[in-house]
Amino acid sequence: MLGLSRSDELVFFVNGRKVIERNADPEVTLLTFLRKNLGLTGTKYACGRGGCGACTVMVSKCEPVSKKIRHFSVTACLVPICSLYGAAVTTVEGVGSIKTKLHPVQERIAKSHGTQCGFCTPGMVMSMYTLLRNHPQPSEEQLMEALGGNLCRCTGYRPILESGKTFCMISTELFAKDEFQPLDPTQELIFPPELLRLAENPEERTLTFRGERVTWISPGTLKDLLELKVKHPEAPLVLGNTALGPAMKSQGHVHPILLSPARISELSMVSTTSEASVESRVLDEHSGPGVMVTIQRLLPGLTIGAGCSLAQVKDILAERVSELPEEKTQTYRALLKHLRSLAGQQIRNMASLGGHVISRHCYSDLNPILAVGNATLNLVSAALRSTRPEHSPAPEGQAVGSLTSPRRAGGGARQVPLGEHFLAGLASADLKPEEGEVVAAFRQAQCPHNAWAHANAGMRVLLQAGTDTIEDLSIAFGGLGAATSRPPLLPAAPRELMLDEACRLLLDEVSLPGSAPGGMVEFKRTLVVSFLFKFYLEVLQTLKPLAARPSAPDGLRYPEVSDPFLSALEDFPVTVPQGVQRYQRVDSRQPLQDPVGRPIMHLSGLKHATGEAIFCDDIPKVEKELFMALVTSTRAHAKIISIDLSKALELPGVVDVITAEDIPGTNGTEDERLLAVDEVLCVGQIICAVAAETDVQAKRAIEEIKITYEDLEPVIFTIEDAIKHNSFLCPEKKLEQGNIEEAFEKVDQVIEGEVHVGGQEHFYMETQRVLVIPKTEDNELDIYVSTQDPTHVQKTVSSTLNIPINRITCHVKRCGWRFWRESRKISCVRSYCSCGCHQVGFMNNGRIKALDIECFINGGCTLDDSEQVTEFLILKLENAYKIRNLRFRGRACMTNLPSNTAFRGYGFPQGTLVTESCITAVAAKCGLLPEQVREKNMYKTVDKTIYKQAFSPENLIRCWNECLDQSSFGSRRKQVEAFNKKNYWKKKGLAIVPMKFSVGFGATSYHQAAALVHIYTDGSVLVTHGGNELGQGIHTKMLQVASRELKIPMSYMHICETSTATVPNTIATAASIGSDVNGRAVQNACQILLKRLEPVIQKNPEGSWEDWIEAAFEQRISLSATGYYRGYKAFMDWEKGEGDPFPYYVYGAACSEVEIDCLTGAHKKIRTDIVMDACCSLNPAIDIGQVEGAFIQGMGLYTTEELKYSPEGVLYSRGPDEYKIPTITDVPEEFNVSLLPASQTPLTIYSSKGLGESGMFLGSSVFFAITDAVAAARRERDIADDFTVKSPATPEWVRMACADRFTEMVLQFSPSEKMACES
């Protein structure tokens, strides 16, 4: 350390109040400080890496140069508190409160039904609030940009956008202006005058903040910074902390000294000059001793300080583009293109230009463009000597090389061309805009925004004036694992032959081994030549007008870009989603106070928006509270030889380490141990747990526990390996009808194939949390937990601690998004990946006569829900189709991966994709459209399923026909075909899928429910039931039911929480029946109470509710009632293969249209229309929200959400950086949802239906639209239609499926072949 005796005072403001921190710890983030020190829990902890936006707050600073106040959103989890000296922070609590006054942003997001679980809502509010502080009347594009860094797992984003659009210049038509309070910018918190004075007279002294392990030094001048760097050469420099912060968290790096240059005004300079250069002072946190600052020569007439954030750079460049002629802003435009998609708004606000450049990340989107733009790095240091630069090769796994620091005698500055030495191999020159110059940028990622690029490129060409001869060509790539540049030999003119030769030379230079970081070698190499081809077309199209000029030399002609190729030049634009939501209005005769069927706002909506909705982790710390951290296995299959706890127990604050030997009761089950004993079956299995006084102490202690293993065989990760080793978790499940062998003999055609469906991370926004408070007597425990199944938690704790269930009370206030079994899966929760092998027999007219499907799911290392999921998958495989001869079989494979569990849909989204893939395969073989084959094979009349349950498909057919009609399917199919004929490199796809989704558990006992309703003497009503609020609005619906039954307004009523003390023996809130069965129980309790009140009401019919309750109390009438519902009857006899396992079905249909880029694999969702059978919706706003959210989640399953494991069984795709759920830019451009006009079903509460899960599968309409587009491309290229179907349809799969000359080029000259040639 520095040997300093004390720390300086850290001064900043939070929500208008001054904060003076005298012992600021550099390791403490703003998020931790807000939540633990200030008790401001509205800012949520989720990913902890800046990728989800749940912790978004607004930071305001007075710019050191311009003296203007800048408001910008940041992710508080990455902001060290020591970086906030002189800043003002605004959290969601400082924006508005239900206790004082709501801000319009908070009011509108709640009233627009933009909240479900509400965990992400404060972050959404803060992103929009910050936008409005800078732009009180923003454009829709600015709104999309502001929300691009915020993730939501519930809503599907559409209602959030609708709330934001009410502020926009072109406001939404969904709401009338008088529905909301107006936005008044004059009422916002002012920037603290004390901080203004501090900015006007900045301190130049160095500030030092000392923590337990890290010291933060913030110099006030450049001179001091240079001296500090000489003194502490290994100390990294921190500006935005967007690179160092996540690395320190994930890799456990601790740097004793951190240098912060944020207060140095020279690094924030922005000015225009007449010189043909842009200078950007860049701090080199990786350079050698004394080397501190680089000056980066970029573009004419502009100076940008390296301390400027990427968001500021984007604004500066956009302003210059608007001022200068297009031919002088080629590099500006290329940089802007990538800046729009680089990370989310919060990260762009934090990350600095200098940090981004000098970090040299392999996935950098800007460095390749800077390289081809001939940027120059000028290093400034305190050294007095220098040497000439020497080439330094790129480190392995990076697309850029290392930077050698040359020294020059007698000076502390020197210039290094970025291209030649920083990116290893590009020529250096000042950028001189000339006629004939073209600069372009390309990138392809898992999703279009806020995702690291699989590959990116910057390309620049300069033609000799008035000729078609190439004078200079510069190409730089990122994301490829090695530095690349232009091919060494180039023909003289941009001709087709030159292109092929350039592609081959480039592939020769871009040599990626099969073990390259990130894999996808063939895909990335294909992108290399695809990008080059796009650039070739762009150059031709740009130079075409030059040949037409009168001054052009005679005979100057450039190759024409044919019309079918033109679409390759167009990037998919970011569009603001539009759409219509349709539902049936309530009967005009229904009393106004009766809320059933009305779009009532979520009960907690306003509290979600203000951050006042309390989640488990928001509960204030209790006295003597300890924190627990889990120690998990690092081996996939191994024997535990020893566990050394000694070092962990010696650490300060550590109270104990709990192992299996310490469990007084049962250690889980025989199938799945709570804590591992002797053997581990997967990476991530829990071995022991540390209890400590703080969470930091507990996490540090687990690093000190040493476990010795002995690896065991076999190690099984895949379904294929499990089949090979006969490794299964349960017996095969099978259903069969008809005579399938005989049917196969009589059909016209038979096809066979496989369908692979990837798993899906639950990706809870609220991370796993539980608070256990022992009481002082009788071994009683209060457990506050986020779970769907508090009774299961109660029983598990009882058996583990060996105490009776009646001593344990589980409390569930709300959950931050939950879909199944988080109570069982503590360390990791994800759904099954599966493989379906199918054989289909059909006639030439598309009629399917026989279908044989065998499904395998990867269950992981323990049984969990695998048997039930296998059963449900088999029961639901037929979907909407009547096929006379069927055989369905399913097995759950046992592998050495963490145990997979059920997810939304419970196997239906995975299994039915196999069935629908069979439909498209049959259509291709018959030369028919998939929708024709679907319609031909659908159920048409009252019939029985494969398991002999009778049903009427009337509403199925209605949904199908309504969807065809509302989507204008017939005319759009013709438009898609016409588009595809005119465009070679872009293809559109259109698909419509039907759905028959079975609701319920499949067992009668799981359909029971209970409720407890109290009426107090003031007339207020407390409702308690066995359902849990997961974001699906069950509490809101229950009060709607109680309001109708008791005939009083909802304002009289309250739901406190779900508790096992008030409603015992509850069933998990799942299977889409929570509102059904609990609604029946609430109805029953209210009817009991109302019957008791009948004599009182009859005696005083004109009295008020309060009068009746007071009179009932005086007459000793009980004002408390338990309601109970015995449940639907459901059973399944697997021996006979028949039963009535489901109480009813939900029907639906979805039509989606997409456009794909055949050269990159990217796709654009153009339009989706959904029609859903809700019968009589209890709350159409909530139900439509469930449908939209489920659809977007299913869309993620089928397109972007991809689980990737290492060869050792370690999950690579963890967190929002690597695992990509849909973002706001993934919502279809037009998104329409309709609830089918009401129909009656006497089985359910008020003829409503549960819609929580069914919409998930409808996301497959996007998948099949993508495969439709791919099939169109393959047909045009004379490639077979019968390709292997693989979900998710990632850019990699789409690009490689659209085989062409470039994919062939890559396959013909693979890295292995190249090495063989060289040897």
Side-chain angles (χ1 to χ4, degrees), residues 630-633 635-640 658-689 712-717 719 721-723 725-733 759 762 768 787-789 791-802 805 820-834 856-874 890-903 906-907 1001-1003 1005-1006 1067-1068 1070 1134 1209:
L630 305 176
V631 179
T632 60
S633 167
R635 303 292 179 87
H637 189 197
K639 181 179 180 181
I640 299 175
I658 299 97
T659 66
E661 297 175 353
D662 300 312
I663 296 175
T666 304
N667 182 20
T669 64
E670 191 67 32
D671 171 66
E672 185 169 9
R673 297 297 185 189
L674 178 63
L675 299 179
V677 179
D678 299 330
E679 183 181 351
V680 292
L681 300 175
C682 69
V683 173
Q685 185 173 352
I686 304 170
I687 297 175
C688 56
L712 298 175
E713 295 291 340
V715 179
I716 301 170
F717 294 134
I719 289 174
D721 286 344
I723 295 172
H725 287 88
N726 196 31
S727 178
F728 299 105
L729 291 164
C730 56
E732 179 185 75
K733 302 298 176 182
H762 283 219
Q768 298 290 345
T787 179
Q788 290 172 259
D789 196 352
T791 294
H792 175 75
V793 174
Q794 184 188 37
K795 290 178 180 178
T796 302
V797 172
S798 169
S799 64
T800 303
L801 298 183
N802 196 25
I805 292 177
W820 200 246
R821 291 310 186 205
E822 65 295 329
S823 58
R824 294 186 182 180
K825 312 307 328 163
I826 298 174
S827 59
C828 51
V829 188
R830 58 191 62 91
S831 70
Y832 303 91
C833 63
S834 60
F856 298 91
I857 66 172
N858 193 329
C861 60
T862 61
L863 181 61
D864 192 74
D865 290 315
S866 294
E867 187 165 15
Q868 296 98 310
V869 169
T870 304
E871 291 177 352
F872 274 46
L873 187 151
I874 296 303
R891 297 295 300 269
C893 299
M894 179 177 177
T895 63
N896 295 112
L897 293 178
S899 183
N900 289 311
T901 191
F903 195 26
Y906 218 82
F1001 281 103
S1005 62
Y1006 280 82
I1067 303 301
W1134 282 96

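Just the heavy atoms: all of them, side chains too, but no hydrogens, waters or symmetry mates, feed the values below.
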Revision key, fill the gap. Taken to the nearest 0.5 Å, the spacing of R635 CZ from I640 CD1 works out to 11.0 Å
Exercise for review: Would you indicate whether the side-chain heavy atoms of N900 and D864 approach each other to under 4.5 Å?
Suggested key: no
Check your understanding: Quick one: CG on L630 to CD on Q768, what's the gap to the nearest 0.5 Å?
Key -> 10.0 Å
Check your understanding: Nearest heavy-atom pair of S727 and I716: which atoms, and what distance?
Key -> CB-CD1, 3.8 Å
Exercise for review: Apply side-chain contact (heavy atoms from CB on, under 4.5 Å) to the pair H637 and L681, showing each step before the final yes or no.
Suggested key: CA-CA 5 Å; H637 189 197; L681 300 175; 4.1 Å; yes
Review point. Does the side chain of S899 pick up a donor-acceptor pair with the side chain of T862 at under 3.5 Å?
Key: yes
Check your understanding: How are the rings of H762 and F903 set to each other: parallel, tilted or perpendicular (split at 30° and 60°)?
Key -> parallel
Review point. Taking the side chain as C-beta and beyond, is there a heavy-atom pair between H725 and M894 under 4.5 Å?
Key: no
Check your understanding: Which pair of heavy atoms, one from C833 and one from I719, lies closest together, and at what distance?
Key -> O-CD1, 4.0 Å
Check your understanding: Quick one: side-chain contact (heavy atoms from CB on, under 4.5 Å) partners of A660, sequence neighbours excluded?
Key -> N667, L675, V677
Study note, to complete from the structure: One should read off an interatomic distance between N896 CG and E713 CD, to the nearest 0.5 angstrom, of 9.5 Å
**Study point:** Contact summary for A1068 and F1001, nearest pair of heavy atoms
**Key:** O-CZ, 3.7 Å
Study note, to complete from the structure: Closest non-hydrogen atoms of S633 and V680, given as atom of the first, atom of the second and distance, are OG-CG2, 3.4 Å
Review point. Closest heavy-atom contact between V869 and G907?
Key: CG1-CA, 4.1 Å
Review point. When you measure from the side chain of T870 to the backbone N and O of S866, does any donor-acceptor pair fall under 3.5 Å?
Key: yes
Exercise for review: With rounding to the nearest 0.5 Å, note down the distance linking NZ in K733 to CD in Q868.
Suggested key: 9.0 Å
Check your understanding: Roughly how far, to the nearest 0.5 Å, is CG of D789 from NZ of K795?
Key -> 8.0 Å
Study note, to complete from the structure: Rounded to the nearest 0.5 angstrom, the CG-CD1 distance for L674 and I663 is 5.0 Å
Review point. Can you name the residues that form a side-chain contact (heavy atoms from CB on, under 4.5 Å) with L897, not counting sequence neighbours?
Key: F717, N858, T895, Y1205
Point to revise | Residue pair E867 / L729, side-chain heavy-atom distance below 4.5 Å | key: no
Exercise for review: Could you list the residues that satisfy ring pair (Phe, Tyr, Trp, His ring centres under 6.0 Å) with F872, not counting sequence neighbours?
Suggested key: Y906, F1142
